[in-house]
Q: 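My structure is below; once you've seen it, I'll send some questions.
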Amino acid sequence: MTVSLPLLRRHGWRTTLFTLLTAVSLPAAAATQTMVCGMFVSEDTGTTLTLHSANEGVRQIPGRAPEPYVLSRLGDELKLADLDNGGVGSLTLEDSGRRLSDRFNTYRLQKAASCRPAAMFPPGSCRAEIGTCLNDTLFASNDRLRQWCREDVPAACKRLLANFQSEAREARTLAATQDDAPELPEPEVCKPASAAYDQAACLEAARDAMGQALAKALLGGLSAAKASPLPAAQLDEITTLCRAQTGGTFCANAAEALWDAGRLIPARDALQRACTVGKDPRACERAAPLSTLDARALTPVAATALPCGSYVASQGLMDHLPFGDGGLIDSGFGGKLRARLVDGDIRVRHDQGDDFVFKRLANGNLIGMDSWNRFSYYERTGEAQQCSAPVVFVETPLPQDCPTLGREGGAQACCAAGKLQGCNAAGHQLALRNRWAEAAPFYRTLCTAGVREGCENLATVYEHTGDEQLPAQMASICAKDGKGTHVACDVHATRNWGLMQVSAGLEQIAERMAAEPDAEAGDEAPAEAPVPAKNSKSSTRKSGH
């Protein structure tokens, strides 16, 4: 029933949308027929729509927070404006107003009630002009959004928070792409007054400089796509705005932003308010394990050693963390994950392009900080154990040393010249065309040089090809180190090679089955390039390509 405003705008329906929204803005007195109030129930989904008055109502989807609506009846149509999500919808009234329907749902009156008096919205307020207000939230200034948020329109609060987060990402991107080093001197071939001036050579030098700048910008910009904590003043503001809300899901969004910034107590309180005031079942589920913890229990401290033993949470993707020797964790799926200490945080690598992040609390337990395990509270279980110290693996950062990547054959040429960025890009170019076996030598070069991305992508090649030489090659690279600290040792130890072999076999069977109809018809269709493997995505993100 609810229609997304951004979706409508992408389809160029701005005029239609504005007309519909403006209709919602009409006063309740414009309706010439009596409204039937009470609770309506969808026969198929169990969703309820409760009409309180001629211009206010609430929809309740099972398992979700209630959605407050501003209503307006126009003839046989009931227009609805969703104050929480900013969408609009329309229902047809039938059976003297006792049945409401659209393309997806039919609501039948289950329990009639007397209509409350229509709400009187202050002139000039968002609710009084709900059509133009919801339309304008997409483009309104932060000051205007603040005003509407204070008028208890959750959609405006959520848009304000989204603006804050967008601004933070842009600031981080700018900081990441700024070059602190002095600007490159102008080459002599580019100075008209120089005897070495050469227009063609200058253009070539400019291309190389542009390639280096582009690679750096891509690397910084893509890494900046991660969550960026908001400035303190904005965190204070969203905390205050949440406390004033009487419904909607803004407080749940605010809780996530506060948690990401390390403000655990305010985040817990916002989550609790999303539960008690916003009636959000998901927020209630997340808040429950945190509700009994005092300020000390939710105070992070810098970890000086990796945990040892078993930690369990009631929620989160990783609800069990069995820390063992060398920082290894049994993933529960037949593979291993490796924990490490970074700036007092406990970080665990995985194949989704980032890390699981946990903080140690003052009471000795752990708390999940990443998006996969946010709000998860891990308690130590069982007896104390002893674990061997973690291995510190030696890694080579992937350099940005190939300015000719944009040229035909540029990546291969760089790799042949010993420039590792070129090897990485050449491997990606082949992998994206489903030529995994041909990509392997490029990734093997990176892995041998100690670049983690190369070893991870070499494992991804095995997942697609099942080439038995690849695990052996990685083990050989590890053995040559002699110390067990080469990054290949870590990747080799944390991969479930048996499961990856099964995956490769299934992929090859699927490819053969897909090719059989073409072979019978005498046609040879080119293979469609697959979505890059997650490990490959991770490397692509890190390499700037």
Q: Please report the shortest heavy-atom distance between V58 and P68, naming the atom on each side.
A: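 Reported closest heavy-atom pair: CG2-CA, 4.3 Å.
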
Q: Parallel, tilted or perpendicular: which one describes the rings of F358 and Y378, with boundaries at 30° and 60°?
A: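 Taking Y378 first and then F358, their aromatic rings stand perpendicular (interplane angle over 60°).
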
Q: Look only at the side chain of E67 and the backbone of R59, and say whether a donor-acceptor pair between them is shorter than 3.5 Å.
A: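 Absent.
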
Q: Would you please test C447 and C455 for disulfide (SG to SG under 2.5 Å) and show each step?
A: CA-CA 5 Å; C447 184; C455 298; 2.1 Å; yes

Q: Do N457 and N424 have side-chain heavy atoms sitting under 4.5 Å apart?
A: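 With C-beta onward as the side chain, the pair touches.
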
Q: Could you walk me through whether F356 and L321 pass the side-chain contact (heavy atoms from CB on, under 4.5 Å) check?
A: CA-CA 11 Å; F356 298 137; L321 298 172; over 6 Å; no

Q: Rounded to the nearest 0.5 Å, what separates atom CD in Q315 from atom CG in L317?
A: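 Separation between the atoms: 12.0 Å.
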
Q: Cys pair C202/C190: SG distance under 2.5 Å?
A: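 In this structure, C202 and C190 share a disulfide.
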
Q: Sub-3.5 Å donor-acceptor pair from the side chain of D355 to the main-chain atoms of V357, do we have one?
A: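 No; zero donor-acceptor contacts below 3.5 Å.
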
Q: Is a salt bridge present between R340 and E395, judged by a nitrogen-to-oxygen distance below 4.0 Å?
A: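 Not counted as a salt bridge, because no side-chain N and carboxylate O are separated by less than 4.0 Å.
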
Q: Quick one: pull up CZ in F139 and CZ in R144 and give me the separation to the nearest 0.5 Å.
A: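 Going from CZ on F139 over to CZ on R144, the span is 14.0 Å.
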
Q: Measure the CG-CG distance between L161 and L235 for me, rounded to the nearest 0.5 Å.
A: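 L161 atom CG to L235 atom CG measures 9.5 Å (nearest 0.5 Å).
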
Q: I need the minimum non-hydrogen distance between C423 and T445, along with the two atoms involved.
A: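 Shortest heavy-atom separation between C423 and T445 comes out as SG-CG2, 4.0 Å.
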
Q: Quick one: list whatever passes salt bridge (charged side-chain N to carboxylate O under 4.0 Å, His left out) with D269, sequence neighbours left out.
A: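 In terms of salt bridge (charged side-chain N to carboxylate O under 4.0 Å, His left out), with neighbours along the sequence ignored, D269 is linked to no residue.
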
Q: Does any part of the side chain of I367, heavy atoms only, come nearer than 4.5 Å to the side chain of L298, both counted from C-beta?
A: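 Contact flag for L298/I367 side chains = yes.
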
Q: Search all heavy atoms of A303 against all heavy atoms of L341 and return the closest pair with its distance.
A: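 Closest heavy-atom pair between A303 and L341: CB-CD2, 3.8 Å.
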
Q: Are the side chains of R495 and E456 in contact, using a 4.5 Å heavy-atom criterion?
A: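 The answer is yes, as the side chains (C-beta and beyond) meet within the 4.5 Å cut-off.
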
Q: Within the side chain of N365, is there an N or O that forms a donor-acceptor pair under 3.5 Å with the backbone of L361?
A: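 No.
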
Q: Do L264 and P300 have side chains that get closer than 4.5 Å, going by heavy atoms?
A: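 Sidechains of P300 and L264: in contact.
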
Q: Does some side-chain heavy atom of P307 sit less than 4.5 Å from a side-chain heavy atom of L366?
A: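 Yes, close enough: below the 4.5 Å cut-off.
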
Q: Within the distance-only criterion (no hydrogens, no angle test), does the side chain of N373 pair as donor or acceptor with the backbone N or O of S376 below 3.5 angstrom?
A: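 No, because the side chain of N373 does not come within donor-acceptor range (under 3.5 Å) of the backbone of S376.
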
Q: Looking at Q245, is its backbone amide N or carbonyl O close enough to the side chain of R273 to form a donor-acceptor pair, meaning the two atoms are under 3.5 Å apart?
A: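 Indeed, once roles are kept as given, a pair shorter than 3.5 Å links the two residues.
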
Q: Check whether any side-chain heavy atom of D319 lies under 4.5 Å from a side-chain heavy atom of V312, and answer yes or no.
A: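 A side-chain contact under 4.5 Å is absent here.
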
Q: Not counting sequence neighbours, list each pair that qualifies as a ring-ring contact (aromatic ring centres under 6.0 Å, His included) and has a residue in residues 228-258.
A: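 Not a single pair qualifies under ring-ring contact (aromatic ring centres under 6.0 Å, His included).
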
Q: In sequence, state the C-alpha distance, the side-chain angles, and the governing distance for L241 and L160, and then conclude on side-chain contact (heavy atoms from CB on, under 4.5 Å).
A: CA-CA 11 Å; L241 291 173; L160 178 64; 3.8 Å; yes

Q: Determine which pairs satisfy side-chain hydrogen bond (donor to acceptor under 3.5 Å, both in side chains) with at least one residue from residues 230-239, sequence neighbours left out, and list them in order.
A: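 Applying side-chain hydrogen bond (donor to acceptor under 3.5 Å, both in side chains) to every pair that reaches into residues 230-239, excluding sequence neighbours, yields R146-E237, D236-R263.
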
Q: Filter on ring-ring contact (aromatic ring centres under 6.0 Å, His included), then keep only pairs touching residues 251-306, sequence neighbours left out; what's left?
A: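 Output for this query lists W259-F375.
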
Q: Please determine, by modelled atom types, if T249 and D84 share a side-chain donor-acceptor pair under 3.5 angstrom.
A: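 Judged by distance alone, the side chains do pair up.
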
Q: Taking D490 first and then R452, would you say they form a salt bridge - that is, a charged N and a carboxylate O separated by under 4.0 Å?
A: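 Counted as a salt bridge, because a side-chain N and a carboxylate O are separated by less than 4.0 Å.
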
Q: First locate atom OH of Y69, then atom CG of D82, and finally report the distance between them rounded to the nearest 0.5 Å.
A: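 Y69 atom OH to D82 atom CG measures 4.5 Å (nearest 0.5 Å).
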
Q: Closest heavy-atom contact between K419 and D401?
A: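 Scanning both residues completely, I find the closest heavy atoms to be CD-O, 3.0 Å.
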
Q: Checking F442 now: which residues fulfil ring pair (Phe, Tyr, Trp, His ring centres under 6.0 Å) with it, not counting sequence neighbours?
A: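 F442 satisfies ring pair (Phe, Tyr, Trp, His ring centres under 6.0 Å) with no residue once adjacent residues are dropped.
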
Q: Compare all side-chain heavy atoms of V487 with those of T396 and state whether any distance is below 4.5 angstrom.
A: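 The answer is no, as the side chains (C-beta and beyond) never meet within the 4.5 Å cut-off.
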
Q: If you apply the rule side-chain contact (heavy atoms from CB on, under 4.5 Å), what do you find for Q421 with C414, and how did you get there?
A: CA-CA 8 Å; Q421 186 188 23; C414 276; over 6 Å; no

Q: Can you check whether D260 reaches L230 side chain to side chain, under 4.5 Å on heavy atoms?
A: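 Of all side-chain heavy-atom pairs linking L230 with D260, none is under 4.5 Å.
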
Q: Please check: side-chain N/O of D345 versus main-chain N/O of R347, any donor-acceptor pairing under 3.5 Å?
A: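 Pair absent, no side-chain N/O of D345 close to backbone of R347.
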
Q: Just jot down the salt bridge (charged side-chain N to carboxylate O under 4.0 Å, His left out) partners of K279, sequence neighbours excluded, or say none.
A: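 So K279 forms no salt bridge (charged side-chain N to carboxylate O under 4.0 Å, His left out) with any residue.
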
Q: To the nearest 0.5 angstrom, please state how far the SG atom of C251 sits from the CD1 atom of I238.
A: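 Going from SG on C251 over to CD1 on I238, the span is 9.5 Å.
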
Q: Could you tell me the separation between the CD atom of E453 and the OG1 atom of T460, rounded to the nearest 0.5 Å?
A: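 Going from CD on E453 over to OG1 on T460, the span is 11.5 Å.
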
Q: Which residues pass the side chain to side chain donor-acceptor pair (under 3.5 Å) test with E167, not counting sequence neighbours?
A: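 Expected list: N142.
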
Q: Under the 3.5 angstrom rule, does the side chain of H464 hit a backbone N or O of N434 as a donor-acceptor pair?
A: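 Answer holds: no.
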
Q: Under 3.5 Å, side chain of Q60 to main-chain N/O of R64, donor-acceptor pair present?
A: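 It does hold such a pair.
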
Q: Examine the side chains of T137 and K158 and answer whether a donor and an acceptor come within less than 3.5 Å of each other.
A: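 Short answer, no.
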
Q: Is there any ring-ring contact (aromatic ring centres under 6.0 Å, His included) pair reaching into residues 279-306, and which pairs are they, with sequence neighbours excluded?
A: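 Found none.
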
Q: For residues 148-156, which side-chain N or O atoms pair as donor and acceptor with protein atoms under 3.5 Å away, sequence neighbours left out?
A:
{"from": "E151", "atom 1": "OE1", "to": "C126", "atom 2": "N", "distance (Å)": "2.7"}
{"from": "E151", "atom 1": "OE2", "to": "Q147", "atom 2": "NE2", "distance (Å)": "3.4"}
{"from": "D152", "atom 1": "OD1", "to": "T246", "atom 2": "N", "distance (Å)": "3.3"}
{"from": "D152", "atom 1": "OD1", "to": "T246", "atom 2": "OG1", "distance (Å)": "3.4"}
{"from": "D152", "atom 1": "OD2", "to": "T246", "atom 2": "OG1", "distance (Å)": "2.2"}

Q: Compare every heavy atom of Y311 with every heavy atom of G364, then report the nearest pair and how far apart it is.
A: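 Looks like O-CE2, 3.9 Å.
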
Q: Main chain of A362, side chain of T299: is a donor-acceptor contact present, judged purely on distance under 3.5 Å?
A: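 Not confirmed, T299 side chain does not pair with A362 backbone.
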
Q: For E379, which residues count as a salt bridge (charged side-chain N to carboxylate O under 4.0 Å, His left out) partner, sequence neighbours excluded?
A: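 So E379 forms no salt bridge (charged side-chain N to carboxylate O under 4.0 Å, His left out) with any residue.
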
Q: I'd like to know if the side chain of R268 reaches the main chain of L293, judged simply by a donor and an acceptor atom lying under 3.5 Å from each other, with no hydrogens or angles considered.
A: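 Between the backbone of L293 and the side chain of R268 there is a qualifying donor-acceptor contact (under 3.5 Å).
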
Q: List the atom of T494, the atom of L337, and the distance in Å for their closest heavy-atom pair.
A: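 In terms of heavy atoms, the two residues are closest at CG2-C, 4.4 Å.
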
Q: With sequence neighbours left out, write down each residue that passes salt bridge (charged side-chain N to carboxylate O under 4.0 Å, His left out) with R282, or none if nothing qualifies.
A: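 Only E285 meet the salt bridge (charged side-chain N to carboxylate O under 4.0 Å, His left out) criterion with R282.
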
Q: What residue pairs, at least two apart or across chains, pass salt bridge (charged side-chain N to carboxylate O under 4.0 Å, His left out) with a residue in residues 286-299?
A: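 Counting only pairs at least two positions apart or across chains, the salt bridge (charged side-chain N to carboxylate O under 4.0 Å, His left out) contacts touching residues 286-299 are E256-R286.
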
